[in-house]
S.K.: 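The structure that follows is given in the form of structure tokens.
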Amino acid sequence: MIIVGYDSSPWSEAALTWAADEAGRTGAPLQLVYADESPVNDAAGTLDRAVARVKTIQPLIDVTARIERAPAARALVDLSLEAGLIVVGARGHSAVGGLLGSVSTAVSAHARCPVVVARGEPASHATVVAGVDGSALASSVLTFAAEHAAARKATLRVVRAWPPVTGLWEETAMATYTVTAHEREPFDAMVTEVRDTFPDLTVEAEATVAHPAGALVRASAGAQLLVVGSRGHGALAGLLLGSVSQHLLRHSECTVAVVHRTR
């Protein structure tokens, strides 16, 4: 099931458009969720009108709606246990407010399934970018990205960025802004595996020495989807540690998908 957080804001409309397109492509059921501790009086009517619009665009999908009397982020994280995908807008309402109040930030950090943070209209024929690293999560990120690129007949661009180092390591490859064949061997093996698994998919590989967040923001320009991972640390880790995935939610030029270690 695809669950989309919806409150009739322009950002949730973008999320609904992306989610409906994905449901129509995959045949997955779609559920609209209006979550708020004190839902507005016309919340049910707002959902009914949104469901009706979806049915005019994607008449074959199974679409339902529900109201959750809880903070939006908490409700969507709880519902992620039964979802295959959560879709939210790049911005949203929250009772907390400020830096910690972003629904998209909280849900992408703590959901138990992949989270898509929609930005703008779904693009076609544009590249799907996978940002990978040396962690065990990289394989899941790459598979998610490859499946979406293949389904959309898009090119898959795989980006691995090694952060530059300074100080005691000034003579290393990471300090001279080069990546040796030995250092990129695991990355090349990963790319070879995805090419073998998806033989009809065009795959581009980029290994570079650069700060990962900056490299992926640049890669997002002109892309339709940027896929990254989140290790799901503690409640504040993604914010306080300035994780790459949280940085991209704020600065990516395209829709971002965050893949998690756990289902």
Side-chain angles (χ1 to χ4, degrees), residues 1-36 39-40 42-90 92-93 103-104 106-124 128 140-141 143-154 224-225 227 230 232 254-263:
M1 175 185 292
I2 299 172
I3 292 179
V4 55
Y6 184 78
D7 61 8
S8 77
S9 68
W11 306 284
S12 71
E13 293 289 356
L16 180 58
T17 300
W18 198 97
D21 179 74
E22 181 71 2
R25 186 182 61 80
T26 63
L30 175 65
Q31 184 170 81
L32 283 63
V33 176
Y34 192 114
D36 198 300
V40 297
D42 194 36
T46 296
L47 287 175
D48 288 343
R49 290 187 289 273
V51 168
R53 289 202 309 276
V54 170
K55 287 183 175 179
T56 63
I57 301 170
Q58 299 285 354
L60 299 181
I61 67 174
D62 176 13
V63 55
T64 57
R66 65 194 286 177
I67 296 174
E68 290 288 327
R69 295 183 178 275
R74 182 195 305 167
L76 292 171
V77 169
D78 289 345
L79 290 171
S80 71
L81 290 168
E82 60 189 68
L85 185 68
I86 296 283
V87 185
V88 294
H93 304 303
V103 172
S104 59
V107 175
S108 64
H110 305 299
R112 308 293 286 182
C113 69
V115 176
V116 168
V117 181
R119 180 176 278 108
E121 295 293 324
S124 59
V128 172
S140 297
V141 168
T143 298
F144 185 98
E147 289 174 347
H148 281 258
R152 292 168 170 77
K153 295 179 171 49
Q224 63 170 294
L225 181 66
V227 186
S230 173
C254 68
T255 293
V256 177
V258 181
V259 177
H260 292 263
R261 186 185 301 277
T262 55
R263 267 284 296 159

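Because the structure is predicted, anything quoted here is derived from the model rather than measured. Numbering starts at 1 and runs along the sequence shown.
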S.K.: Asp42: what forms a salt bridge (charged side-chain N to carboxylate O under 4.0 Å, His left out) with it, not counting sequence neighbours?
M.R.: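 Expected list: Arg49.
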S.K.: Run the numbers on Phe144 and Leu85 for side-chain contact (heavy atoms from CB on, under 4.5 Å), then give the verdict.
M.R.: CA-CA 11 Å; Phe144 185 98; Leu85 185 68; 4.3 Å; yes
S.K.: List the residues meeting side chain to side chain donor-acceptor pair (under 3.5 Å) with Ser12, not counting sequence neighbours, and say none if there are none.
M.R.: Asp7, Ser9
S.K.: Any side-chain heavy atom of His260 sitting closer than 4.5 Å to one from Val115?
M.R.: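 Yes, close enough: below the 4.5 Å cut-off.
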S.K.: Which atoms form the tightest heavy-atom contact between Pro114 and Gly84, and what is the distance?
M.R.: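 For Pro114 and Gly84, the tightest heavy-atom pair comes out as CD-O, 3.5 Å.
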S.K.: What residues form a side-chain contact (heavy atoms from CB on, under 4.5 Å) with Ala146, not counting sequence neighbours?
M.R.: Leu156, Val194, Phe198, Leu201
S.K.: So how far is it from Ile3 CD1 to Ile86 CD1, rounded to the nearest 0.5 Å?
M.R.: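 Spacing of CD1 (Ile3) from CD1 (Ile86) equals 4.5 Å.
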S.K.: Answer yes or no: is there a side-chain heavy-atom contact under 4.5 Å between Gln224 and Thr255?
M.R.: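 Counting from C-beta outward, Gln224 and Thr255 never come under 4.5 Å.
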S.K.: Report the residues that fulfil side-chain contact (heavy atoms from CB on, under 4.5 Å) with Ala15, sequence neighbours left out, ordered by chain and then residue number.
M.R.: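 Ala15: side-chain contact (heavy atoms from CB on, under 4.5 Å) contacts with Val4, Val87, Ala118.
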S.K.: What pair of heavy atoms forms the shortest contact from Val258 to Ser108, and how long is it?
M.R.: CG1-O, 3.8 Å
S.K.: So Arg25 and Arg152, do their side chains get closer than 4.5 Å, heavy atoms only?
M.R.: yes
S.K.: Specify the closest pair of heavy atoms between Ala109 and Ser230, including all atoms of both residues, with the distance to one decimal.
M.R.: O-OG, 4.1 Å
S.K.: Indicate yes or no: at least one non-hydrogen side-chain atom of Arg119 is less than 4.5 angstrom from one of Trp11.
M.R.: no
S.K.: Which atom pair, heavy atoms only, marks the closest approach of Val128 to Ala145?
M.R.: CG1-O, 3.7 Å
S.K.: Under 3.5 Å, side-chain donor or acceptor atoms of residues 67-79 against the rest of the protein: list the pairs with distances, not counting sequence neighbours.
M.R.:
| residue | atom | partner | partner atom | Å |
| --- | --- | --- | --- | --- |
| Glu68 | OE2 | Arg66 | NE | 2.9 |
| Glu68 | OE2 | Arg66 | NH2 | 2.8 |

S.K.: Report yes if the side chains of Glu22 and Ile2 come closer than 4.5 Å at any heavy-atom pair, otherwise no.
M.R.: yes
S.K.: Scan the side chains in residues 55-64 for donor-acceptor partners under 3.5 Å anywhere in the protein, sequence neighbours excluded, and list what turns up.
M.R.:
| residue | atom | partner | partner atom | Å |
| --- | --- | --- | --- | --- |
| Thr56 | OG1 | Arg53 | O | 2.6 |
| Thr64 | OG1 | Gln31 | NE2 | 3.4 |

S.K.: Look up atom CG in Leu32 and atom CG in Asp48, then write down how far apart they are to the nearest 0.5 Å.
M.R.: 10.0 Å
